[in-house]
Amino acid sequence: SISQLIARGKRNVIELRELIRRNMSTAKDLVLYFVDKDFDAEPKAGAFADIYVTRGYSIENELVSWPILEGFIRAHFDVADSDDEAALGEIKKMYDEALKLYFVATQHLNHAIYLCRRNAIKCLPGDTALSFVAIDWATPSVQPLYGSPEALLGMLSVESAEIDKVIEEMGREKGFGGLDPVMDWRGKYHFSFVRQFLIYVAGLRTKGSAPFKRAARIGIDPVHQGLMGAIAAVVPVPQCLRHFI
């Protein structure tokens with residue numbers, strides 16, 4: 001028999017693993033553990049035979065690339081003729097440009113969270129980048145909703161006594177600069193960006209607005225809570241996950 005348990009957090013997963021391994025009645029059970037890498041240094045991928053660590057910050061980071069979103073749009077947004085193909089080309093250009101702007105606009109945000117995590121400083125990043133940036137898809141433009149590092153850290157609920165320390169670290173710390181924005185920055189923010197993009201494109205599709213030349217129904221509303229699972233259906237399984245299994 002096979003069953004799944006969501007442990008609500010990496011720490012809970014690791015603690016559950018220790019409990020199972022220490023309990024004589026469960027120590028020999030076949031249990032596999034899956035955790036997001038996050039900004040944490042441990043555990044490292046491959047360090048434990050029974051723990052899979054995502055190759056990026058989280059599983060959501062696998063959903064950001066255009067080929068994945070193109071596959072989803074083709075499957076659910078009724079791409080059927082040459083006009084739709086041309087529209088899809090224009091949408092790709094918009095997405096690529098908006099994604100670059102999104103990375104620029106969220107660099108300080110991700111850096112601040114990275115430093116808080118690495119220095120055990122409490123912060124509350126939330127699940128959506130839209131709490132920190134405003135997106136205009138038509139332009140496109142992505143603008144931060146904070147005007148200073150102090151304001152940003154306040155939005156992250158960093159305690160006032162720690163703010164100067166984080167700001168100082170942001171000016172001299174170099175580790176964050178070596179991270180890949182697509183795979184190594186906060187995945188829940190990326191997914192909120194992807195969701196808003198698909199909501200925008202869905203609106204164009206259903207209204208027949210440019211670059212589309214006809215209106216059409218969509219198969220899945222991007223607002224739906226099951227969006228991640230629907231996109232995951234067109235995501236190739238990472239080779240490291242195949243190897244782990």
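Residue indices begin at 1 and follow the sequence shown. If you're wondering where the values come from, they're calculated on a predicted model, not measured in any experiment.
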Using every non-hydrogen atom in the two residues, find where Pro211 and Leu204 come nearest and quote the distance to one decimal. CD-CD1, 4.1 Å
The reported gap from CD1 in Ile135 to OG in Ser141 (rounded to nearest 0.5 angstrom) is 9.0 Å
Tell me if the CD atom of Glu97 is crowded by more than 12 foreign heavy atoms within 6.0 Å. yes
Test item: Lys122 side-chain N/O and Ser157 main-chain N/O as donor-acceptor pair under 3.5 Å: no
Taking the side chain as everything from C-beta on, heavy atoms only, tell me whether His111 gets closer than 4.5 Å to Val166. no
Which pair of non-hydrogen atoms, one from Leu69 and one from Val64, has the smallest distance, and what is that distance? CD1-O, 4.1 Å
Please report, to 0.1 Å, the donor-acceptor pairs under 3.5 Å made by any side chain of residues 218-235, with sequence neighbours excluded.
residue, atom, partner, partner atom, Å
Asp221, OD1, Val223, N, 3.0
His224, ND1, Gly226, N, 2.8

Taking atom OH of Tyr200 and atom CG of Leu198, what is their separation to the nearest 0.5 Å? 13.0 Å
Inter-residue atom distance Thr139.OG1 - Met94.CE, 0.5 Å rounding: 11.0 Å
Is Leu19 isolated, or which residues cluster with it under the ILVMFWY side-chain rule of less than 4.5 Å, directly or via members? none
Check Thr206 against Ala215 and note the closest heavy-atom contact, atom names and distance. O-CB, 3.3 Å
With a 3.5 Å distance limit and no angle check, can you tell me whether Thr26 reaches the backbone of Asp29 through a side-chain donor-acceptor pair? no
Mind checking whether Ile199 and Trp137 sit in one hydrophobic cluster, side chains of I, L, V, M, F, W, Y counted as touching below 4.5 Å? no
From Met170 CE over to Leu152 CG, what is the distance, rounded to the nearest 0.5 angstrom? 6.0 Å
Kindly indicate, with the supporting measurements, whether the criterion salt bridge (Lys or Arg N to Asp or Glu O under 4.0 Å) is fulfilled by Glu90 and Lys93. CA-CA 5 Å; Glu90 292 300 311; Lys93 292 179 183 177; 3.6 Å; yes
Name all residues meeting the side-chain contact (heavy atoms from CB on, under 4.5 Å) criterion together with Arg214; count only those two or more places apart in sequence or in a different chain, and write none if there are none. Asp78, Ala80, Asp81, Asp84, Arg205, Ala216
What is the minimum heavy-atom distance between Leu156 and Pro125, and which atoms define it? CD2-CA, 3.7 Å
Measure the shortest side-chain to side-chain distance between Phe34 and Thr54 over non-hydrogen atoms and say whether it is less than 4.5 angstrom. no
Intermediate values then yes/no, side chain to side chain contact (heavy atoms under 4.5 Å, CB included), Tyr189 and Ile113: CA-CA 12 Å; Tyr189 288 166; Ile113 298 169; 3.5 Å; yes
Could you check Phe39 against Asn110 for side chain to side chain contact (heavy atoms under 4.5 Å, CB included), going step by step and ending with a plain yes or no? CA-CA 10 Å; Phe39 285 136; Asn110 278 279; 4.0 Å; yes
Is the shortest side-chain heavy-atom distance between Thr128 and Gln196 below 4.5 Å? no
Assess whether a salt bridge exists between Arg186 and Asp38, defined as any Lys/Arg side-chain N lying under 4.0 Å from an Asp/Glu carboxylate O. no
For Phe191 and Leu63: C-alpha separation, side-chain torsions, deciding distance, then whether side chain to side chain contact (heavy atoms under 4.5 Å, CB included) applies. CA-CA 7 Å; Phe191 184 65; Leu63 314 179; 3.7 Å; yes
Polar side-chain atom of Asn12 near backbone of Ala7 as donor-acceptor pair, under 3.5 Å: yes
For the residue pair His108 and Tyr146, is the inter-centroid distance of their aromatic rings smaller than 6.0 Å? no
Using modelled atom types and a 3.5 Å cut-off, is there a donor and acceptor pairing between side-chain atoms of Asp40 and backbone atoms of Glu42? no
Verify the cluster assignment for Phe244 and Ile59: are they in a single hydrophobic cluster under the rule of side-chain heavy atoms below 4.5 Å apart? no
Of all residues at least two apart in sequence or in a different chain, which pass the side-chain contact (heavy atoms from CB on, under 4.5 Å) check with Pro181? Phe103, Trp185
Find out whether Lys37 and Arg55 are in side-chain contact, i.e. whether some heavy atom of one side chain is under 4.5 Å from a heavy atom of the other. no
Run the numbers on Lys165 and Ile121 for side chain to side chain contact (heavy atoms under 4.5 Å, CB included), then give the verdict. CA-CA 10 Å; Lys165 177 182 177 181; Ile121 296 173; 4.2 Å; yes
Taking all heavy atoms of Ser131 and all of Met155, pick out the closest pair and write down the distance. O-CE, 3.1 Å
Under a 3.5 Å cutoff, is there a donor and acceptor pairing between the side chains of Tyr102 and His190? yes
Linked hydrophobic residues, Ile2 as query - side chain contacts closer than 4.5 Å: none
How are the rings of Phe197 and Tyr95 set relative to one another: parallel (under 30°), tilted (30 to 60°) or perpendicular (over 60°)? tilted
Assess the residue pair Ser58 and Asn61 against the criterion (side chain to side chain donor-acceptor pair (under 3.5 Å)); give the C-alpha distance rounded to whole Å, side-chain angles, the decisive distance to 0.1 Å, and a yes or no. CA-CA 6 Å; Ser58 67; Asn61 295 71; 2.9 Å; yes
Just wondering, do Ile73 and Trp66 contact through their side chains at under 4.5 Å, heavy atoms? yes
Note: Lys10-Glu15 ion pair, threshold 4.0 Å (strictly below): no
How does the hydrophobic cluster around Ile14 look, that is, which other residues are in it when side-chain heavy atoms under 4.5 Å mark a link? Leu5, Val13, Leu16, Ile20, Val31, Tyr33, Val35, Phe48, Ile51, Val53
Identify which one of Leu115, Leu153, Val158 satisfies the side chain to side chain contact (heavy atoms under 4.5 Å, CB included) criterion when paired with Ile167. Leu153
Kindly give the heavy-atom pair with the smallest separation between Asp127 and Ser192, and that separation in Å. O-CB, 4.3 Å
Within-4.5 Å side-chain heavy-atom neighbours: Gln4 and Ile6: yes
With rounding to the nearest 0.5 Å, note down the distance linking SG in Cys123 to CD in Glu162. 11.0 Å
Could you check Asp96 against Lys100 for salt bridge (Lys or Arg N to Asp or Glu O under 4.0 Å), going step by step and ending with a plain yes or no? CA-CA 6 Å; Asp96 288 344; Lys100 292 177 184 177; over 6 Å; no
Using the ring of Tyr114 (Phe, Tyr or Trp, six-membered ring only), decide whether Arg117 places NZ or CZ under 6.0 Å from its centre and within 45 degrees of its axis. no
Interatomic distance, Glu18 atom CD to Asn23 atom CG [nearest 0.5 angstrom]: 12.5 Å
Pairwise side-chain contact, Val142 with Asp136, heavy-atom cut-off 4.5 Å (strictly under): no
Does some side-chain heavy atom of Val133 sit less than 4.5 Å from a side-chain heavy atom of Gln143? no
Does Glu60 offer a backbone N or O that forms a donor-acceptor pair with the side chain of Lys188 under 3.5 Å? no
